[in-house]
Student: 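Have a look at the structure that comes next, please.
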Amino acid sequence: MNKQKTPAGNDPIIDVRRICKTYPGPVIALDDFSITVDRGEVLVVIGPSGSGKSTFLRCLNGLEEVDSGEIIIDGIPLDEDEKKRLQIRREVGMVFQSFNLFPHLTVRKNIDLAQRLVRKKSRIEALEFSLHLLDQVGLADMADRYPHQLSGGQQQRVAIARALAMMPAVMLFDEATSALDPEMIGEVLDVMRGLARRGMTMVVVTHEMGFAREVSDRIAFMEEGRLVEEGCGEVFFSHPERLRTKEFLRQIL
Amino acid sequence: MLRTRRNKNIALDIFLLALIFSAAGYLGYRVSIQLHYTWRWSLIWQYLFRFDHEQHRFVANYLILGLLTTLRLSIYACFPALLIGLFMALMRTSRSLFRQLLGRTYIELMRNLPPLVIIFLVYFFLADQITPLLGIDSFIENISPEAGYWLNVLVAPPSSFSPFLSAVLTLAVFEGAYIAEILRGGIESVNRGQWEAAHALGLTRGQSMRHIILPQTFRQVLPPLAGQFISLIKDSSIVSVISIQELTYQGTQLMASTYMTIEVWLLVALMYFVLTFPCSMLIGGIERSFASDSA
């Protein structure tokens with residue numbers, strides 16, 4: 001299901017320029033890393049664990065601060081300024097490996113909360129949109145349950161609906177299916193597939209290579225905080241250019 | 001599972017019980033031959049309730065009045081204590097170093113000074129300055145008899161309203177530090193992912209704290225918080241030194257005037273226990289219902 005997309009560099013919504021990030025240790029998580037993502041593009045980031053994929057994702061909405069370099073999202077530079085940071089976070093939705101639903105709130109209130117606090121919607125507006133989103137992820141009848149009453153796959157779908165409630169321009173998926181039992185991975189990938197089909201800009205860190213091959217417009221392979229290689233789905237998997245990429249793909253495929 | 005294990009050690013239990021009873025018996029025997037103490041249990045009960053000849057009915061006497069004052073003191077002190085505790089816990093977990101230091105200083109001061117010293121400090125320095133500032137004394141003087149009656153029932157007699165307020169303030173200032181530490185522990189124990197999820201949705205730090213972190217904190221710290229309330233009831237006895245007529249104060253007065261030392265203190269101890277034990281049971285209940293909730 002290859003969809004029509006604009007050629008790279010046309011209309012970047014995410015522009016990452018030479019970012020570096022070191023954790024105390026020191027562990028180099030990102031080393032002079034640059035990449036752009038176009039509007040409506042699905043970028044899948046793969047690489048061995050500890051290669052900086054998650055750190056990259058977390059830098060994109062300011063959950064981690066970069067040591068140097070620039071991140072520009074939809075024209076807004078992500079810097080020290082708290083207001084800009086909040087503004088960017090509104091435009092960027094994030095789905096976590098461990099769901100991170102709010103356990104003290106019902107499913108519907110999980111989705112309502114930010115709409116009301118951040119988007120300042122009325123109770124009715126928020127409620128309607130929440131139910132619409134729950135319907136979209138196939139959980140309309142779970143609105144009044146609490147997160148711990150749902151299965152892992154259901155929880156992750158609620159988490160996706162919660163992120164979508166902010167009507168973000170970009171969605172980040174940080175190993176969204178890694179904590180799930182195998183039989184639940186499919187339902188979450190289905191929801192992500194649907195989003196991609198509807199033209200959502202997505203940056204996806206995943207180990208699901210089948211999904212990566214099928215849904216991605218572009219694949220980036222990272223190792224030791226650097227971008228080793230990037231390319232379009234089929235070509236990337238069948239004819240990787242770099243030796244290191246070949247080795248990695250041989251290991252996991 | 002526990003029950004069957006317990007039954008196995010029945011021989012040891014009987015032995016222990018016998019040991020305790022013989023020790024108690026020996027102590028009682030020593031007391032009876034050595035103490036030369038005339039027990040006057042029959043006389044002590046009138047200090048709980050006495051018969052009022054004018055009203056032709058029983059009315060509460062010193063000890064019951066003291067118990068009620070202890071109860072009022074504890075209940076009123078727990079609200080400002082909670083506020084102070086919450087405020088200081090927020091300071092302590094703030095991102096600003098200055099606020100962290102402020103919270104830290106308060107908590108360390110309160111936890112490392114004897115409560116008795118704090119009582120005197122607050123009572124003689126702080127409360128003496130604050131009550132005139134708020135105009136409480138003149139407010140009390142001009143109060144209507146009706147309002148005076150309710151003040152007496154709900155808080156304290158108008159004449160001792162100002163010291164009662166100081167006592168409440170002192171207890172709150174003191175217990176607030178402990179509550180702050182309980183809340184800080186609770187705030188820090190909330191999973192980091194909750195902060196991240198809140199931030200990722202664009203909530204500010206304040207909104208995240210108020211809507212995501214604190215509700216989970218309170219759920220978690222309810223048992224230790226309730227435990228601190230029991231401590232508050234017990235600690236309220238120290239305000240007897242500033243002549244608040246609560247249970248311990250009434251006990252000392254009664255002892256001085258009747259010399260029924262042992263009867264008085266045994267009864268006072270029992271009265272405290274009657275107040276605190278149900279609270280302990282309640283906490284046990286809360287903890288059990290929480291445990292079954294999360295299971």
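None of these values were measured; they are calculated from a predicted model. Quick note on labels: first sequence line is chain A, next is B, and so on, each numbered from 1.
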Student: Do other residues, nucleotides or ligands put more than 12 heavy atoms under 6.0 Å from Arg119(A) CZ?
Tutor: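 Yes - once you tally the heavy atoms of other residues, nucleotides and ligands closer than 6.0 Å, there are more than 12.
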Student: Is there a side-chain contact between Thr204(B) and Leu86(A), using heavy atoms and a 4.5 Å cut-off?
Tutor: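 They are in side-chain contact.
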Student: Answer yes when Arg58(A) and Glu196(B) have at least one side-chain N-carboxylate O distance shorter than 4.0 Å, and no when they do not.
Tutor: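 So Arg58(A) pairs with Glu196(B) through a salt bridge.
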Student: To check you understand the geometry: which heavy-atom pair defines the closest contact between Leu201(B) and Ala114(A), and what is its length?
Tutor: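 The answer is CB-CB, 3.8 Å.
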Student: Would you indicate whether Phe79(B), at its atom CZ, is surrounded by more than 12 heavy atoms from other residues, nucleotides or ligands within a distance under 6.0 Å?
Tutor: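 12 or below, so no.
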Student: What part of Arg192(B) gets closer than 4.5 Å to chain A, counting heavy atoms only: side chain, backbone, both or neither?
Tutor: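 Only the side chain of Arg192(B) comes within 4.5 Å of chain A.
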Student: Flag yes if more than 12 heavy atoms outside Lys121(A) fall under 6.0 Å of its NZ atom; otherwise flag no.
Tutor: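 Counting neighbours around NZ of Lys121(A), more than 12 heavy atoms of other residues, nucleotides or ligands fall under 6.0 Å, so yes.
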Student: How far apart are the closest heavy atoms of Arg89(A) and His199(B), and which atoms are they?
Tutor: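 Nearest heavy atoms, Arg89(A) then His199(B): CD-O, 3.0 Å.
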Student: Are more than 12 heavy atoms, taken from residues, nucleotides or ligands other than Leu270(B), located less than 6.0 Å from that residue's CG atom?
Tutor: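 Atom CG in Leu270(B) is packed in, count exceeds 12.
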Student: Can you confirm whether more than 12 heavy atoms, excluding those of Ile28(A), are under 6.0 Å from its CD1 atom?
Tutor: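 Atom CD1 in Ile28(A) is not crowded, with 12 or fewer foreign heavy atoms closer than 6.0 Å.
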Student: Could you pull out the closest heavy-atom pair between Gly193(B) and Asn100(A), with the gap in Å?
Tutor: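 For Gly193(B) versus Asn100(A), the nearest heavy atoms are O-ND2, 3.2 Å.
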Student: Heavy-atom distance under 4.5 Å to chain B: side chain of Phe96(A), backbone, both or neither?
Tutor: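 The side chain, not the backbone.
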Student: For Leu117(A) and Leu203(B), which heavy atoms make the closest approach, and how far apart are they?
Tutor: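 Taking Leu117(A) first and Leu203(B) second, the nearest heavy atoms are CD1-CD2, 4.0 Å.
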Student: Tell me whether Arg205(B) at atom CZ has more than 12 heavy atoms from other residues, nucleotides or ligands lying less than 6.0 Å away.
Tutor: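 Count over threshold, so yes.
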Student: Please check if atom CZ in Phe87(B) has more than 12 non-hydrogen atoms from other residues, nucleotides or ligands closer than 6.0 Å.
Tutor: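 Not buried by this count: 12 neighbours or fewer within 6.0 Å.
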Student: Report which part of Leu101(A) has an atom under 4.5 Å of a heavy atom belonging to chain B: side chain, backbone, both, or neither.
Tutor: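 Backbone of Leu101(A) only, per the 4.5 Å heavy-atom cut-off to chain B.
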Student: Looking at Met94(A), Gln87(A), His104(A), which has the largest count of heavy-atom pairs under 4.5 Å with chain B?
Tutor: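 Of the candidates given, the most pairs with chain B belong to His104(A).
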